[in-house]
Structure formats: structure tokens, C-alpha cells
Protein chains: 2
Amino acid sequence: MRASAVVKNLKDKGFRITPIRKQIIEILSEDRGPLTSLDILTIIHKTGKKVNESTHDHAIGVSSCIRFARCNKTTVYRQIAFLLEQEILEEINLGEGKNRYDLVENKAHHHHLTCNNCGVIKDLPLEDNDFLQSIEKNTNFRIQKHSLELFGLCLGCQK
Amino acid sequence: MRASAVVKNLKDKGFRITPIRKQIIEILSEDRGPLTSLDILTIIHKTGKKVNESTHDHAIGVSSCIRFARCNKTTVYRQIAFLLEQEILEEINLGEGKNRYDLVENKAHHHHLTCNNCGVIKDLPLEDNDFLQSIEKNTNFRIQKHSLELFGLCLGCQK
DNA sequence: TGATCATATGCAACTTAGTTGCATTTGTCA
DNA sequence: TGACAAATGCAACTAAGTTGCATATGATCA
Ligand SMILES: [Mn+2]
Ligand SMILES: [Mn+2]
Ligand SMILES: [Zn+2]
Ligand SMILES: [Zn+2]
């Protein structure tokens with residue numbers, strides 16, 4: 001599983017593995033598309049409730065469950081900051097007035113197609129090196145980062 | 001001048017021309033680069049003061065000056081919304097947690113190069129139609145809008 | 001298995017961008 | 001010069017994100 005590889009990597013680097021840190025990595029590795037901090041917090045809260053309701057034992061354990069239920073937005077923001085520093089996440093801005101986060105991991109650099117009608121966000125892998133190099137030549141800028149976001153209608157929403 | 005053409009166009013379409021509306025158009029037509037709502041408000045306030053301090057008569061007039069000095073952020077936001085509807089402005093998001101606005105007018109569609117060191121924002125005219133068409137073919141999306149923002153170091157900041 | 005200690009967490013209070021409702025003012029046109 | 005719709009100011013609000021501080025906890029070692 002992708003999440004456990006990320007966790008192992010962090011542990012090897014000497015970082016602490018807390019239930020919330022692990023859970024955020026797991027949530028983002030489920031590939032629901034780039035999530036906001038509130039998306040993440042809401043999923044953590046739900047996970048806490050679900051596990052609490054079930055009478056069976058569960059991989060997550062009761063103590064983690066209690067902590068998921070109480071998880072605070074500050075913690076989510078701080079974990080996001082940590083995971084960004086570790087270059088495990090990428091910050092994505094679709095002009096919504098809030099950020100989204102995508103697991104980088106072994107996925108190559110990519111962009112997004114957002115449907116203006118149904119909101120679905122599709123990955124767009126795109127080899128853009130030639131493109132960027134020609135801009136560097138023409139402008140004398142040294143390009144360090146770029147963001148390309150496309151908006152339109154997905155096949156289903158074109159009617 | 002570019003600003004007066006925009007104003008005339010609005011007048012012809014039957015929209016009211018208020019001092020603040022006109023001033024915002026003028027500020028943005030001075031090409032200081034894409035401005036935030038606060039940038040705009042601050043410049044309006046300064047203009048009010050400057051004109052007030054000067055003892056000479058001035059193209060702007062005293063009554064406009066008083067209104068510039070009192071201009072409220074709500075008004076700026078509402079003018080921005082109006083000018084966006086009229087497709088006079090374009091909204092630009094550089095991932096700063098706030099929007100910037102650029103006059104569209106007769107300037108062609110373009111992108112931006114932002115210097116990570118000194119913050120300068122340079123226009124980047126870029127013919128990207130072929131590029132977009134090939135994405136449409138490969139993805140079955142119909143693309144309606146796109147944003148491409150580049151970040152790096154300007155010539156001066158490359159040391 | 002504890003004790004230790006740096007790191008992670010929860011909570012409350014704060015900042016900043018942007019929005020809304022409402023009373024008042026003003027640009028336009030007859 | 002009215003009349004009236006559109007524009008404005010102000011205050012109160014929302015939502016994303018940040019900060020300080022007291023408490024809790026994961027990893028390490030005895
Ligand atoms: Mn993605
Ligand atoms: Mn520009
Ligand atoms: Zn769709
Ligand atoms: Zn620079």
C-alpha cells in the first residue's frame with residue numbers, strides 16, 4: 001500500500017508517527033482527488049465515529065478512534081505544513097479561496113482538469129519540460145515552479 | 001488613453017460612471033501589474049489625500065477627493081465584481097490567499113512570471129491554442145478557462 | 001516496564017479576505 | 001430641478017488559516 005511506504009519512510013527519517021499523521025496520509029492516499037483541510041478534518045471525524053459505533057475489533061483501535069473524534073483543525077493545518085515540508089504533499093489552488101492537497105509520492109508531476117458543472121477533478125499528466133525551457137530562453141527567467149489548472153466540462157456534463 | 005475608452009464603453013452601455021468606478025479603471029490601466037483589492041483601496045485613499053493637500057485645482061475635483069478618502073473596501077469589492085461581469089477585469093490567483101486583478105481590455109490573453117525573490121510580476125504573452133486543443137482531444141474535456149502561473153527568479157535576482 | 005523529553009495536540013483567541021443587510025447618497029435623464 | 005434606480009458606507013458576519021500556551025503522548029533508554 002502507498003500509505004504505509006510513506007509512513008515507513010518518515011519513521012526511518014526519525015519523525016514520530018502519531019495516529020492523526022498516519023490517518024491523514026492514509027486519507028490522501030485513497031485518491032479521492034485533492035482535498036481541502038476541512039475535507040480532511042471531516043473524514044477524520046467520521047472515521048472516529050464509524051469505528052466507535054462498530055462493536056467489532058478494528059485495525060484502528062479504540063484510543064485512536066477517540067482521538068480522531070476530537071481532532072482539531074489546528075492539528076490538521078500543522079500536519080499539512082509538516083507534510084508539505086517533507087514534500088509528501090503538493091498544495092493546489094483552484095481559485096476557490098482555499099487550498100487543496102494532493103499526495104506527491106511516486107506520482108509524476110501533473111495538472112488538473114476541473115469540471116465547472118459537476119466539480120470532478122481529473123489528473124492530467126503532461127510532459128511540459130520543452131515548453132518550460134523555451135519560456136526560460138525567451139524571458140530570461142529561471143523557472144522554479146509552475147501551476148497549470150484547466151477548467152471546463154467533463155464528457156458527462158457536455159450533455 | 002486606455003482608461004477613458006473603457007469608461008466611454010461603459011457609458012454607452014448605459015452604466016453609471018461614478019468617481020470611484022472611474023478611478024479604479026484608471027488605477028488598473030496604469031499597468032502596475034495585477035493588484036489586490038487592498039492595493040486598489042490604498043491607492044484610492046492616497047489619491048484622495050494627495051489631491052486634498054495640493055492647493056492647485058486638479059482634474060479630479062474636490063468632491064471626488066472627499067469620496068476617495070472615505071472609500072470603503074465593500075465598494076471596491078463590489079466594483080471588482082461589476083468589472084469582472086463586464087469582462088473588463090480578469091481575476092488572477094497566485095496562491096497568496098487573495099486575488100489579484102488585471103485589466104483585460106485589448107491586451108491579449110496572457111500569463112504571468114512571478115519572481116520568488118523580489119516579487120515582480122511580468123506578463124507572459126503565450127499562444128497556447130494548439131496546446132489546449134490537443135488536451136481537449138486527449139481527455140474529452142471541453143476546456144473553457146485555464147490558468148498558467150510561473151514562479152522563479154527574474155534576471156536581476158539570479159545573482 | 002517505566003521515567004524522560006521533545007514533539008504533537010486541543011483549545012481559545014486572533015488575523016485577514018471577502019460577503020451581506022440596510023439605511024443613505026448620488027448619477028442620470030426627463 | 002425632481003424622481004428613481006444604482007452606488008455607497010458602515011457594521012456585523014463568515015470562512016480560511018495562524019498563534020500562544022497548557023497538556024498529552026510517541027520514541028528512547030535505563
Ligand atoms: Mn492530482
Ligand atoms: Mn498581466
Ligand atoms: Zn462534470
Ligand atoms: Zn526578482
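Basis for what follows: all heavy atoms, side chains included, without hydrogens, waters or symmetry-related copies. Throughout, a chain's letter reflects where its sequence line sits, starting with A, and its residues are numbered from 1.
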### Task
Examine the side chains of B:D102 and B:H110 and answer whether a donor and an acceptor come within less than 3.5 Å of each other.
yes
### Query
How would you label the contact of A:T36 with the nucleic acid (heavy atoms, under 4.0 Å): base, sugar-phosphate, or nothing?
nothing
### Query
More 5' along DNA chain C: A:K73 or B:I17, using each one's nearest nucleotide?
A:K73
### Side-chain N,O (B:T18) to OP1/OP2 (C:dT26) below 4.0 Å
no
### Query
Any ion pair linking A:R2 and A:D31 (charged N to carboxylate O, less than 4.0 Å)?
yes
### Query
Ion pair present between B:E96 and B:K98, side-chain N to carboxylate O less than 4.0 angstrom?
no
### Query
Do the side chain of A:K98 and the base of D:dG17 come within less than 3.5 angstrom through a donor-acceptor pair of N or O atoms?
no
### Selection from D:dG9, C:dT19, D:dA16 that lies nearest to any side-chain heavy atom of B:N72
D:dG9
### Query
What is the distance, rounded to the nearest whole Å, between atom OH of B:Y101 and atom P of C:dA17?
12 Å
### Task
Grab the CG-P distance between B:L41 and D:dG9 for me, whole Å please.
10 Å
### Task
Classify the ring geometry between A:F15 and A:F82 as parallel (under 30°), tilted (30 to 60°) or perpendicular (over 60°).
perpendicular
### Query
Quick one: which of A:K73, A:K46, A:R32, A:R100 gives a salt bridge (Lys or Arg N to Asp or Glu O under 4.0 Å) with A:D39?
A:R100
### Task
Could you work out which one of D:dA7, D:dG26, D:dA16 sits closest to the side chain of A:L38?
D:dA16
### Message
Distance check needed: D:dT14 C1' versus A:E96 CD, whole Å only.
### Response
17 Å
#### Entry: Spacing between B:R100 atom CZ and C:dT16 atom P, to the nearest angstrom
16 Å
### Query
Considering only heavy atoms from C-beta outward, does the side chain of B:L28 approach that of B:I88 to under 4.5 Å?
no
### Message
If you only use heavy atoms from C-beta on, which nucleotide in D:dA16, D:dG26, D:dG9 is closest to the side chain of B:C71?
### Response
D:dG9
## Note on the structure
Separation of C:dG18 atom P from B:Q79 atom CD, nearest Å, is 16 Å
### Any B:T75 side-chain N or O less than 4.0 Å from OP1/OP2 of D:dG9
yes
### Query
Between A:D39 (CG) and D:dG17 (P), how many Å, whole number?
11 Å
### Query
Of the nucleotides C:dC11, D:dA7, C:dG18, which one has an atom closest to the side chain of A:T74?
C:dC11
### Message
Using whole Å, what does the distance between atom P of nucleotide C:dT9 and atom CZ of A:F15 come to?
### Response
14 Å
Tabulate atom names and distances for all N/O pairs under 3.5 angstrom spanning the protein and nucleotides 4-6 of chain C.
| unit_1 | atom_1 | unit_2 | atom_2 | d |
| --- | --- | --- | --- | --- |
| C:dA6 | N3 | A:R16 | NH1 | 3.2 |

### Task
Using atom CG of A:L94 as one end and atom P of D:dA16 as the other, report the distance to the nearest whole Å.
15 Å
### Task
May I ask you to verify whether the side chain of A:R78 and the base of C:dG10 hold a donor-acceptor pair under 3.5 Å?
yes
### Task
Establish, from distance only, whether the side-chain atoms of A:H109 and A:H146 form a donor-acceptor pair under 3.5 Å.
yes
### Task
Check the side chains of A:Q79 and A:R21 for a donor-acceptor pair under 3.5 angstrom, ignoring hydrogens and angles.
yes
### Query
Any side-chain N or O of B:N99 under 4.0 Å from OP1/OP2 of C:dA17?
no
### Query
Side-chain N or O of A:R21 less than 4.0 angstrom from OP1 or OP2 on C:dA8?
yes
### Query
Out of D:dT18, C:dG18, C:dT9, which has the shortest distance to the side chain of A:I20?
C:dT9
### Message
Counting the atoms with a prime plus P, OP1 and OP2 as sugar-phosphate, which does A:G97 contact under 4.0 Å by heavy atoms, base, sugar-phosphate, or nothing?
### Response
sugar-phosphate
### Message
Is A:Y77 close enough to D:dG17 that one of its side-chain N or O atoms is under 4.0 Å from OP1 or OP2 there?
### Response
yes
